[in-house]
Amino acid sequence: MEGCVLPENLIFDVLSRLPVKTIARCKCVCKKWRDLVSDTYFVHLHLSRSPPCLMFHLYLPIVNPILELVEVEHEADYHRLTLNHVKTLNLHLSAFNARYRIIQVGSVNGLICLCHTFDATYVINPVLEEYMILPQPPRFRNITLLGHGFGVSMAGEYKVIRILGRSISQLPIEVSVEIQVYTLGTDQWRSLGPTPFNIRHPGEVGGVFVNSHVYWVIYGQIFDFDLDSETFELIPSPLGEPGYDTESKQMLGVLKGSCLSLFSWTSLGFTVWVMKGESWYKAIAMNEENMDPVLKSLEWKPMYLIDGSDGTSILIFWPQGTESLEAYCLDTNKILDLNLPGNFWTVMHTYRPSFVKLQDFGSERVHSLYGNDTAFVKDRYKSSLMFERM
């Protein structure tokens, strides 16, 4: 009966609270529901409620590039992280046939930016299984790629950033920094020209997106690209941080919801700094004596920082010589159960599932991630993880 039809705003409210897999099935119910899920209001409402996920993969060329998207639940009382499978992307079976190294540039509002070894750059939405290829950036002699970034400005413009280095000395290898920017929907790369900074060549460095800024830490120095003003600046490090030397190392992350954080560690302990406004404060400090025995007895590599439950912070790390990742609650000083495969080559980012459509950007051609070949249907969703054990 017509009088029993639910109001559209109520349907939006209910659908936006469902898991992504369930919403995807709802799109298949009827044309009306498909249109509802594609509605701009629903896309924004769902994104505002979409839970953060963890995105990770191995980029060794000898391994099929499987990109895993999982929800992470911190069960503090049981000292464990529970992984709930959201999506698996087999990039080897995808339409762009990733046979070589794929680099995770970053993820914003459900869109993932990936870079191919040979400079092809892709933006994909794994929920909608669509992608677009960005134009090849200009090439210059004596220029090397130092890093990437991906983010969205306050004005809503999605941008891919390339940090380039022009060689100025060989020993040590020192480069002058230049910036290239691609704004989705413009179909062109723009060069912002040289910056006033000369740095030692760090190899490729991934950027961290926070509130319309992308940050990189390079040899102890923290650089900031403002996506609105398109300026590249060096920002002050936390007071008392030693900067880069052969002993201390740093890793950027996002904690406390949306705050830039700095994880600094040596063999003697570690410190977690969190930025509020333009100031750093020391959130956690742990010396070697008080660290969990597992961390004291192993050589380990920090992989990623995530928020846990009840305001806690969690470090995911790789114990060298193993084929699995571990988790450590920085606040409770407890090792957490985590059944997650990985090694030195594992790359991690946060990801928030969404129904943002690439067609909305206009100029770039959008492709189906897996094309129309039904032979890929079975294997393309096969996860590399054993979730039934969790």
Side-chain angles (χ1 to χ4, degrees), residues 15 18-40 42-44 46-47 50 53 55-57 59 63-70 85-136 150 152 158 160 182-187 349 351-384:
L15 285 177
L18 297 176
V20 169
K21 288 183 177 180
T22 304
I23 298 174
R25 295 189 186 104
C26 290
K27 289 179 64 178
C28 302
V29 171
C30 62
K31 183 177 182 299
K32 173 67 173 177
W33 282 31
R34 184 192 65 192
D35 293 343
L36 286 174
V37 172
S38 301
D39 186 271
T40 302
F42 172 80
V43 171
H44 288 99
H46 171 266
L47 181 60
S50 181
C53 298
M55 170 178 66
F56 66 95
H57 83 296
Y59 61 68
V63 179
N64 279 342
I66 304 294
L67 189 66
E68 298 284 2
L69 309 175
V70 297
H85 181 247
V86 174
K87 191 84 172 180
T88 296
L89 296 180
N90 189 329
L91 302 179
H92 179 70
L93 296 180
S94 67
F96 53 80
N97 196 14
R99 295 182 180 275
Y100 302 99
R101 178 183 173 192
I102 288 286
I103 302 168
Q104 286 188 33
V105 177
S107 175
V108 182
N109 294 343
L111 304 183
I112 299 172
C113 184
L114 304 172
C115 178
H116 198 278
T117 305
F118 302 110
D119 283 347
T121 304
Y122 307 91
V123 176
I124 67 176
N125 185 325
V127 172
L128 300 180
E129 296 189 353
E130 60 186 25
Y131 76 100
M132 58 189 181
I133 306 175
L134 305 191
Q136 287 280 354
F150 182 49
V152 60
Y158 290 74
V160 182
Y182 185 94
T183 303
L184 298 193
T186 63
D187 202 32
H349 278 90
Y351 168 76
R352 193 177 295 272
S354 83
F355 292 87
V356 173
K357 299 183 288 293
L358 296 179
Q359 289 93 336
D360 292 345
F361 296 103
S363 66
E364 298 87 359
R365 183 181 175 186
V366 178
H367 308 268
S368 171
L369 191 60
Y370 294 103
N372 298 317
D373 192 339
T374 56
F376 289 158
V377 170
K378 180 178 179 180
D379 288 336
R380 72 192 192 191
Y381 300 115
K382 186 181 293 183
S383 174
S384 62

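Scope of the values below: all heavy atoms of this structure, side chains included, with no hydrogens, waters or symmetry mates. Positions are given from 1, in the same order as the sequence printed here.
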(message) Donor-acceptor check, side chain of S50 to backbone of S354, threshold 3.5 angstrom: yes or no?
(response) no

(request) State which residues pass salt bridge (charged side-chain N to carboxylate O under 4.0 Å, His left out) with D360; sequence neighbours excluded, sorted by chain then number. (result) none

(request) Looking only at non-hydrogen atoms, find the nearest pair between L358 and V123 and report the distance. (result) CD1-O, 3.5 Å

(message) If I take atom CD from residue E68 and atom CE from residue M55, how far apart are they, to the nearest 0.5 angstrom?
(response) 12.0 Å

(request) Just say parallel, tilted or perpendicular for the rings of F355 and F42, cut-offs at 30° and 60°. (result) tilted

(request) Test K357 against every option in V43, L111, N125, V366 by the side-chain contact (heavy atoms from CB on, under 4.5 Å) rule and name the one that passes. (result) V43

(request) For the pair Y182 (side chain) and D187 (backbone), establish whether a donor and an acceptor sit closer than 3.5 Å, ignoring hydrogens and angles. (result) yes

(request) Measure the SG-CD1 distance between C28 and I23 for me, rounded to the nearest 0.5 Å. (result) 12.5 Å

(message) To check you understand the geometry: which heavy-atom pair defines the closest contact between P126 and G110, and what is its length?
(response) CD-O, 3.7 Å

(message) Pair L134, L184 - check side-chain contact (heavy atoms from CB on, under 4.5 Å), show working.
(response) CA-CA 8 Å; L134 305 191; L184 298 193; 3.9 Å; yes

(request) Indicate the atoms forming the closest heavy-atom contact of Q104 with L67, along with that distance. (result) NE2-CD1, 3.5 Å

(request) Report the relative orientation of the aromatic rings in F361 and Y158; use parallel for angles under 30°, tilted for 30 to 60°, perpendicular for over 60°. (result) perpendicular

(request) Determine the minimum heavy-atom distance between Y351 and S107, stating which atoms define it. (result) CD1-OG, 3.2 Å

(request) Using the side-chain contact (heavy atoms from CB on, under 4.5 Å) rule, take H46 and V20 through it: C-alpha gap first, then chi angles, then the decisive distance, then the call. (result) CA-CA 9 Å; H46 171 266; V20 169; 4.1 Å; yes

(request) Answer whether the closest heavy-atom distance between the side chains of L47 and R352 falls below 4.5 Å. (result) yes

(request) Looking only at non-hydrogen atoms, find the nearest pair between C26 and W33 and report the distance. (result) O-CB, 3.5 Å

